[in-house]
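In what follows, a single structure is set out as structure tokens and then discussed.
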Amino acid sequence: MLHPAAELAPVDWRVATNLVPYEEAVAAMGERAAAIADGRAPELVWLVEHPPLYTAGTSAKPEELIGARFPVHNTGRGGQFTYHGPGQRVGYLVLDLEKRGKDIRCFVHSLEGWMIAALGELGVEARREPGRIGIWTGTGPAEAKIGAIGVRVKRWVTLHGFSINAAPDLSHFGGIVPCGISQYGVTSLAALGRDPSMALLDDALRRSFPSFLNMLSDISQAA
């Protein structure tokens with residue numbers, strides 16, 4: 001069950017101003033997750049950009065790495081191959097599901113809802129697609145993926161999170177089969193003709209964040 005609101009400290013919200021090396025981010029997440037599980041630190045949302053790289057989730061298939069144009073990092077998150085790079089907002093969520101609801105499937109569903117709401121504020125009609133991972137937009141030949149999700153949970157504390165394409169170099173996705181889905185392309189705010197300002201995207205995420213936390217609360221109270 002959800003602890004009373006008074007027992008939940010405010011979530012620490014951080015935005016990196018420089019490109020963050022992937023190894024540094026993973027190490028910092030792990031340290032923070034351990035501290036949260038032990039009651040020594042508040043929860044964290046950390047918004048970053050990375051130098052160009054590929055990550056391989058726990059379900060990654062070697063044949064879906066078409067060309068290792070950038071460093072490849074094996075990671076403990078779920079999912080397959082994905083790309084991170086400048087112009088893409090990566091959000092790392094280090095949240096305490098012991099307090100907010102011990103339901104990983106519903107956590108992921110709520111995370112998808114948060115991304116969809118934030119993109120909606122920026123004029124993008126985004127959605128889930130049954131049987132596919134990630135957040136999608138467009139129809140017909142224009143249908144493409146604009147956001148990815150990959151999470152891990154350890155001691156009921158979440159690690160990793162999501163990415164949204166603001167204005168990355170979309171050709172960099174050509175080195176992988178993104179999330180194992182080859183039938184569709186990837187897109188971005190810039191490619192859709194929307195303002196790709198990272199500050200605007202961050203503001204939209206911040207405004208819709210309370211609703212995301214409320215969804216987690218609803219999960220816990222229904223459990």
Side-chain angles (χ1 to χ4, degrees), residues 11-33 43-60 64-95 108 111-112 114-115 118-119 122 133-135 144-152 154 157-181 185-191 194-206 209:
V11 176
D12 189 4
W13 185 280
R14 298 183 182 178
V15 181
T17 56
N18 299 310
L19 297 181
V20 178
Y22 187 74
E23 303 95 324
E24 178 182 316
V26 171
M29 269 193 297
E31 292 174 3
R32 186 60 169 258
E43 297 167 296
L44 172 66
V45 172
W46 187 19
L47 302 181
V48 309
E49 290 177 79
H50 287 306
L53 60 95
Y54 299 126
T55 66
T58 55
S59 301
E64 292 174 350
L65 179 62
I66 299 169
R69 300 165 56 185
F70 306 111
V72 180
H73 298 268
N74 291 316
T75 180
R77 64 159 175 80
Q80 294 168 282
F81 281 104
T82 193
Y83 165 79
H84 295 316
Q88 181 191 71
R89 175 54 82 212
V90 176
Y92 289 126
L93 310 181
V94 195
L95 301 177
V108 172
L111 175 54
E112 291 169 340
W114 179 26
M115 296 168 68
L119 287 165
L122 301 176
I133 298 170
I135 302 301
K145 187 174 186 177
I146 193 170
I149 294 173
V151 300
R152 179 186 180 193
K154 184 176 182 179
V157 176
T158 66
L159 299 103
H160 300 277
F162 68 89
S163 62
I164 294 176
N165 298 330
D169 185 337
L170 296 179
S171 71
H172 290 178
F173 286 87
I176 58 171
V177 178
C179 298
I181 301 173
V186 291
T187 191
S188 66
L189 292 172
R194 304 297 179 181
D195 191 330
S197 164
M198 202 67 77
L200 288 178
L201 175 56
D202 291 349
D203 286 346
L205 287 166
R206 189 66 183 262
F209 184 62

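For the atom pair CG (Leu205) and CE (Met198), the distance works out to 10.0 Å, reported to the nearest 0.5 Å. Of the inter-residue distances, the one linking Leu189 atom CG with Ile164 atom CD1 reads 7.5 Å to the nearest 0.5 angstrom. Between the CG atom of Leu159 and the CZ atom of Arg77 there is a distance of 12.5 Å, given to the nearest 0.5 Å. From Leu201, atom CG reaches atom CG of Leu119 across 7.0 Å, with rounding to the nearest 0.5 Å. Note that OH of Tyr92 and CZ of Arg14 are 15.0 Å apart. Values are rounded to the nearest 0.5 Å. Separation of atoms CD1 (Ile135) and CD1 (Ile133) is listed at 11.0 Å; rounding is to 0.5 Å.
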Can I get a per-line list of side-chain donor-acceptor pairs under 3.5 Å for residues 25-32, giving both atom names and the distance, sequence neighbours left out?
from	atom 1	to	atom 2	distance (Å)
Arg32	NE	Pro42	O	2.9
Arg32	NH2	Asp12	OD2	3.2
Arg32	NH2	Pro42	O	3.0

Expected list for residues 67-75: side-chain donor-acceptor pairs under 3.5 angstrom, two or more places apart:
from	atom 1	to	atom 2	distance (Å)
Arg69	NH1	Ser171	O	2.8
Thr75	OG1	Tyr22	OH	3.0
Thr75	OG1	His160	NE2	3.4

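A heavy-atom distance below 4.5 Å is not found between the side chains of Ser188 and Pro196. Side-chain contact between Thr158 and Val151: absent, with no pair of heavy atoms (C-beta onward) separated by less than 4.5 Å. Two residues are said to be in side-chain contact when any heavy atoms from C-beta on lie closer than 4.5 Å; Arg194 and Leu200 fail this criterion. At least one side-chain heavy atom of Leu47 sits less than 4.5 Å from a side-chain heavy atom of Arg89. Counting only heavy atoms from C-beta outward, the side chains of Asn165 and Phe173 approach each other to under 4.5 Å. Put simply, the side chain of Ile66 reaches to within 4.5 Å of the side chain of Val177, judged on heavy atoms.
Minimum interatomic distance between Ser59 and Gln80 (heavy atoms only, all atoms of both residues): O-CG, 3.3 Å. Of all the heavy atoms in Phe81 and Ala60, the pair that sits closest is CE1-CB, 3.7 Å. Here the closest non-hydrogen pair linking Ala148 and Thr82 is CB-OG1, 4.3 Å. Contact detail for Leu44 and Leu95: the closest heavy-atom pair is O-CD2, 4.2 Å. Of all the heavy atoms in Tyr83 and Pro52, the pair that sits closest is OH-CB, 3.8 Å. Across all non-hydrogen atoms, the minimal contact from Phe162 to Leu111 is CD2-CD1, 3.8 Å.
Between His50 and His84, the ring planes lie tilted relative to each other; the angle falls in the 30° to 60° range.
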Does Val94 form a side chain to side chain contact (heavy atoms under 4.5 Å, CB included) with Val157? I'd like the steps, not just the answer. CA-CA 6 Å; Val94 195; Val157 176; 3.7 Å; yes
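No donor-acceptor pair under 3.5 Å is formed between the side chain of Arg206 and the backbone N or O of Trp13.
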